[in-house]
Novice: 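Let me give you the structure first, and then I'll get to my questions.
Values below: all heavy atoms of this structure, side chains included; hydrogens, waters and symmetry mates excluded.
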Amino acid sequence: MRRRPAILLVLAPALAVLGGCGIGDTAPAPAGSPATGLRDPVRPADAVHVYFSSPLGLERVSRLGRPADSPQLALERLREGPDEAERARGLVTFVPRGAPAPTVTGQRRGTVDVLVPAGWGTGRTALRQLVCTVADAAGAADGLATGDVEVGLRRAPGGPTDTRRCVLTPGSPESTGSGAPTGTGSPAP
């Protein structure tokens, strides 16, 4: 029975030393005002976004360009197709090779009108790439989410308008393509 008091005599000082290790209260301490002047990490100042097709649906890719919120610049970048690294990741475009870029004919808050050239055909995925690319750029300009921007597509000046929104739901019928992708071979000249 003498062992228990001896163990207590050894453990008591050890617990006192460990319990008083000098660590104070762990509550937050005031450290001044928050950092300012940092760029938005989601959208670099010189980036415009375009949408390419992948097995999972459309994927957003950044391209350098100013102004970043220009739907017309975004369409021109979309027409360039995926670069070599993006093709290696499985990204393709259904935008017809060599087709002229569509033209933005009007832009109001939350709405963009686009004239689609005849060379674009009616491929569903190519049109989705166009709609999401334009909506992303216009949304950046207007402070809106990509899906909140309406894109009016016209095939001829003064013709009927087909109004669409960007829907990005992987695995949905909207995320599957029709027609043959381009941009899977060598980079465009």
Novice: Please check if any side-chain donor atom of Gln129 sits under 3.5 Å from a side-chain acceptor atom of Ser53, or the reverse.
Specialist: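 Distance-only check fails for Gln129 and Ser53.
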
Novice: Do any N or O atoms from the side chain of Arg128 and from the backbone of Leu168 form a donor-acceptor pair under 3.5 angstrom?
Specialist: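 Answer holds: no.
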
Novice: Going by side-chain hydrogen bond (donor to acceptor under 3.5 Å, both in side chains), name the residues that satisfy it together with Arg79, two or more places apart in sequence or in a different chain.
Specialist: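 side-chain hydrogen bond (donor to acceptor under 3.5 Å, both in side chains) check on Arg79 returns nothing, list empty.
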
Novice: Against Val131, only a single residue in Thr146, Val151, Asp136, Val114 fulfils side-chain contact (heavy atoms from CB on, under 4.5 Å); can you say which?
Specialist: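 Of the listed residues Thr146, Val151, Asp136, Val114, the side-chain contact (heavy atoms from CB on, under 4.5 Å) partner of Val131 is Val151.
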
Novice: Would you check if Cys166 and Val149 make a side-chain contact, meaning some heavy-atom pair closer than 4.5 Å?
Specialist: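 No, their side chains stay 4.5 Å or more apart.
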
Novice: Below 4.5 Å, heavy atoms only, C-beta onward: do Pro102 and Leu130 meet side chain to side chain?
Specialist: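 In contact.
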
Novice: Looking at CG of Asp162 and CZ of Arg154, how far apart are the two atoms once the value is rounded to the nearest 0.5 Å?
Specialist: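 So the CG of Asp162 and the CZ of Arg154 are separated by 11.0 Å.
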
Novice: Are any non-hydrogen side-chain atoms of Thr161 and Glu150 less than 4.5 angstrom apart?
Specialist: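 Thr161 vs Glu150: side chains apart.
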
Novice: Between Arg77 and Glu80, does any side-chain N to carboxylate O distance fall below 4.0 Å?
Specialist: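 Yes, Arg77 and Glu80 are salt-bridged.
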
Novice: Looking at Arg63 and Glu76, does any basic side-chain N land under 4.0 Å from a carboxylate oxygen?
Specialist: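 Between Glu76 and Arg63 there is no salt bridge, as every charged N stays at least 4.0 Å from the carboxylate O atoms.
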
Novice: With rounding to the nearest 0.5 Å, note down the distance linking CG in Leu153 to CG in Asp113.
Specialist: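 Between Leu153 CG and Asp113 CG, I get 9.0 Å after rounding to 0.5 Å.
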
Novice: So, using side-chain hydrogen bond (donor to acceptor under 3.5 Å, both in side chains) as the criterion, who are the partners of Thr105 when residues are at least two apart?
Specialist: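 With sequence neighbours excluded, Thr105 shows a side-chain hydrogen bond (donor to acceptor under 3.5 Å, both in side chains) to no residue whatsoever.
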
Novice: Who passes side-chain hydrogen bond (donor to acceptor under 3.5 Å, both in side chains) against Asp148, sequence neighbours left out?
Specialist: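 Scan of Asp148 (side-chain hydrogen bond (donor to acceptor under 3.5 Å, both in side chains), adjacent residues dropped) gives none.
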
Novice: Examine distances only and state if a side-chain atom of Thr93 and a backbone atom of Phe52 form a donor-acceptor pair shorter than 3.5 Å.
Specialist: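 Between the backbone of Phe52 and the side chain of Thr93 there is no qualifying donor-acceptor contact (under 3.5 Å).
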
Novice: With a 4.5 Å cut-off on side-chain heavy atoms, are Leu91 and Val61 touching?
Specialist: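 Val61 reaches Leu91 side chain to side chain.
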
